[in-house]
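Within every chain, numbering begins at 1; the chains are lettered A, B, ... in the order of the sequence lines, protein sequences first and strands thereafter. It should be emphasised that the depicted structure is a prediction, and the values quoted were computed from it without experimental measurement.
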Protein chains: 2
Amino acid sequence: MKKTKAYRSEAASAIYETATGLFEAGIIDKQTMREFDESCLTPIHEFTPSQIRALREREQVSQTVFAHHLNISKDSISQWERGEKRPAGPSLKLLSLIERKGLASIA
Amino acid sequence: MKKTKAYRSEAASAIYETATGLFEAGIIDKQTMREFDESCLTPIHEFTPSQIRALREREQVSQTVFAHHLNISKDSISQWERGEKRPAGPSLKLLSLIERKGLASIA
DNA sequence: ACACTTTATAGCACTTAGTACTACAGTAAA
DNA sequence: TTTACTGTAGTACTAAGTGCTATAAAGTGT
């Protein structure tokens with residue numbers, strides 16, 4: 001935890017540096033520090049088939065183009081939207097990013 | 001392709017809007033337009049085990065924290081770095097994003 | 001010295017996501 | 001009419017990703 005990382009907002013950055021300081025001063029432990037790190041990540045949740053479709057339609061793209069953005073096959077997108085299969089780990093991360101920041105953010 | 005999307009640079013945005021105009025005017029076809037869209041995506045390539053480890057170490061995080069960022073298990077990161085398994089579709093997309101824009105960009 | 005935590009490797013067995021392919025159908029446009 | 005884009009639906013396969021346990025090195029604190 002030596003390097004100061006880049007944060008989106010000034011506030012988040014300031015809070016993080018304060019926490020880092022508290023850690024270095026021994027006031028909070030490594031465990032708490034890691035939990036703090038994790039709390040900074042975009043929250044990830046499951047997506048229903050309709051939510052996935054709504055997300056894609058919000059971005060105005062076809063299943064094929066959406067698939068290209070996720071680096072996945074078009075068949076998979078179709079399967080997600082029909083509830084035949086459900087997106088897993090890394091796919092959920094990408095969907096969450098798109099939901100919060102838009103398709104362009106992972107372009 | 002009705003909505004104007006957000007682009008990182010002014011230049012890219014301008015070029016894109018010009019292309020959109022050409023498409024709407026019927027000068028370039030939908031196929032060309034989609035290929036243009038795809039050319040805007042971050043290039044994705046395979047990663048060797050050492051490249052993955054180097055990438056993680058560049059970001060100064062443990063396998064566990066790295067795993068949290070990718071929404072994947074720590075075991076998988078270890079397997080990638082030892083060449084026991086290789087990251088697939090969506091995982092490669094995330095690794096490419098980290099490589100080009102840093103860990104914070106997918107936080 | 002001691003215990004404790006973090007870090008990472010290594011093996012195992014298992015589940016299922018993701019792929020690739022085909023065929024089919026509705027819509028729109030040339 | 002024909003061509004292209006879109007999405008559904010079926011099949012079958014591969015291997016990614018999970019979860020578990022055990023092990024060990026290195027650092028931390030007491």
In Å and rounded to the nearest 0.5 Å, what is the [atom1] to [atom2] distance from [X] to [Y]?
X       : Y       : atom1 : atom2 : answer
K85(B)  : S78(B)  : NZ    : OG    : 11.0 Å
I106(B) : L97(B)  : CD1   : CG    : 7.0 Å
F66(B)  : L95(B)  : CZ    : CG    : 5.5 Å
S96(B)  : K101(B) : OG    : NZ    : 11.0 Å
I77(A)  : I72(A)  : CD1   : CD1   : 5.5 Å
L94(B)  : H69(B)  : CG    : NE2   : 11.5 Å

- Task: Kindly calculate the angle separating the two end axes of the helix from dA1(C)-dT30(D) to dC24(C)-dG7(D), each obtained from five base pairs, and round it to 10 degrees.
- Result: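 Computed angle between terminal axes is 60°.
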
- R58(B) vs L55(B), side-chain contact (heavy atoms from CB on, under 4.5 Å): CA-CA, chis, key distance, verdict: CA-CA 5 Å; R58(B) 191 190 76 185; L55(B) 188 56; 3.7 Å; yes

In whole Å, I'd like the distance from the [atom1] atom of [X] to the [atom2] atom of [N].
X      : N       : atom1 : atom2 : answer
I72(A) : dG17(D) : CD1   : C1'   : 13 Å
E81(A) : dT6(D)  : CD    : C1'   : 12 Å
R82(A) : dT11(D) : CZ    : P     : 12 Å
F66(A) : dG7(D)  : CZ    : C1'   : 15 Å
I77(A) : dT6(D)  : CD1   : C1'   : 14 Å
L70(A) : dT19(C) : CG    : P     : 10 Å

Measure across [X] and [Y] and return the closest heavy-atom pair with its distance rounded to 0.1 Å.
X       : Y      : result
L70(B)  : K93(A) : O-CB, 4.1 Å
E99(A)  : H45(A) : OE1-NE2, 2.7 Å
G102(A) : E59(A) : CA-OE2, 3.6 Å
L92(B)  : P87(B) : CG-O, 3.6 Å

- Closest nucleotide among dT19(C), dA8(C), dG7(D) to the S76(A) side chain: dT19(C)

- Message: Can you tell me which nucleotide in dT9(C), dT8(D), dT7(C) comes closest to the side chain of Q63(B)?
- Response: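 My answer, after comparing the listed nucleotides, is dT9(C).
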
- Query: For nucleotides 21-30 of chain C, read 5' to 3', which letter fits each nucleotide if B means a protein heavy atom sits under 4.0 Å from the base, S means only the sugar-phosphate is that close, and - means neither?
  - Reply: B---------

- Message: Need to verify one output field. Residue with the more 5' nearest nucleotide on DNA chain C, E57(B) or G89(B)?
- Response: E57(B)

- Please list, chain by chain and in numerical order, all residues satisfying side-chain hydrogen bond (donor to acceptor under 3.5 Å, both in side chains) with E57(A), sequence neighbours excluded. none

So which protein nitrogen or oxygen atoms get under 3.5 Å of nucleotides 13-17 of chain C's nitrogens or oxygens?
| unit_1 | atom_1 | unit_2 | atom_2 | d |
| --- | --- | --- | --- | --- |
| dA17(C) | O5' | R86(A) | O | 3.1 |

Distance-only check: which donor-acceptor pairs under 3.5 Å involve side-chain atoms of residues 46-54 of chain B, not counting sequence neighbours?
| unit_1 | atom_1 | unit_2 | atom_2 | d |
| --- | --- | --- | --- | --- |
| T48(B) | OG1 | Q51(B) | N | 3.1 |
| T48(B) | OG1 | Q51(B) | OE1 | 3.4 |
| Q51(B) | OE1 | T48(B) | N | 2.8 |
| R53(B) | NE | E81(B) | OE1 | 2.7 |
| R53(B) | NH2 | E81(B) | OE1 | 2.7 |

- Query: Heavy atom of residues 47-55 of chain B under 4.0 Å from DNA chain C: which residues?
  - Reply: R53(B)

